[in-house]
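Only a predicted model underlies this, so the values are computations on that prediction, with no experimental measurement involved. Numbering of residues begins at 1 and proceeds along the displayed sequence.
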Amino acid sequence: MNLVTTVIAITLTLAVVLALVSFWLPQMTPDHEKLSPYECGFDPLGSARLPFSLRFFLVAILFLLFDLEIALLLPLPWGDQLASPLMTFLWASAVLALLTLGLIYEWLQGGLEWAE
């Protein structure tokens, strides 16, 4: 019980010290740029009806797609402990092949070109 108490005391002390230091360290010099809201590079004070490039959203969706793919493939190293590891790796390879073909198609169609 002594070790648990010591670990909790050290953790609480470290948390309190870091919280207190975070109030004293930053140099707070607010100006107009820091106080204005930031909306993904768009002017927050202008009209909300201005057209914008849909390529931004295309790149964001592609990022989310490949980020999700990585999250789905993270447990793959433990797939060799299943009853049929070959089937698991075949399905994972099929997912990777499908996403690779989709990326190649998007690249060839010019969807990844940011500037024209």
Engineer: What distance do Thr5 atom OG1 and Ile10 atom CD1 have between them, rounded to the nearest 0.5 Å?
Structural biologist: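 That separation rounds to 11.0 Å.
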Engineer: Starting at CZ of Phe66, measure out to CG of Leu68 and round the result to the nearest 0.5 Å.
Structural biologist: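 Taking CZ in Phe66 and CG in Leu68, the distance rounds to 11.0 Å.
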Engineer: Return all side-chain donor-acceptor pairs below 3.5 angstrom for residues 82-103, not counting sequence neighbours, or 'none' if the list is empty.
Structural biologist:
from, atom 1, to, atom 2, distance (Å)
Thr88, OG1, Ser84, O, 3.4
Ser93, OG, Phe89, O, 2.8
Thr100, OG1, Leu96, O, 2.7

Engineer: Rounded at 0.5 Å granularity, tell me how far CG in Leu18 sits from OG1 in Thr13.
Structural biologist: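 That separation rounds to 10.5 Å.
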Engineer: Can you see which heavy atom on Pro75 is nearest to which on Ala71, and at what distance?
Structural biologist: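 Closest heavy-atom pair between Pro75 and Ala71: CD-O, 3.8 Å.
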Engineer: Which other residues belong to the hydrophobic cluster containing Trp78, where Ile, Leu, Val, Met, Phe, Trp and Tyr are joined when side-chain heavy atoms lie under 4.5 Å apart, directly or via other members?
Structural biologist: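 Reading the cluster by chain and number, Trp78 sits alone, since nothing else belongs.
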Engineer: Tracing side-chain links under 4.5 Å among I, L, V, M, F, W and Y, which residues wind up in one group with Trp24?
Structural biologist: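 Other cluster members: Val16, Leu20.
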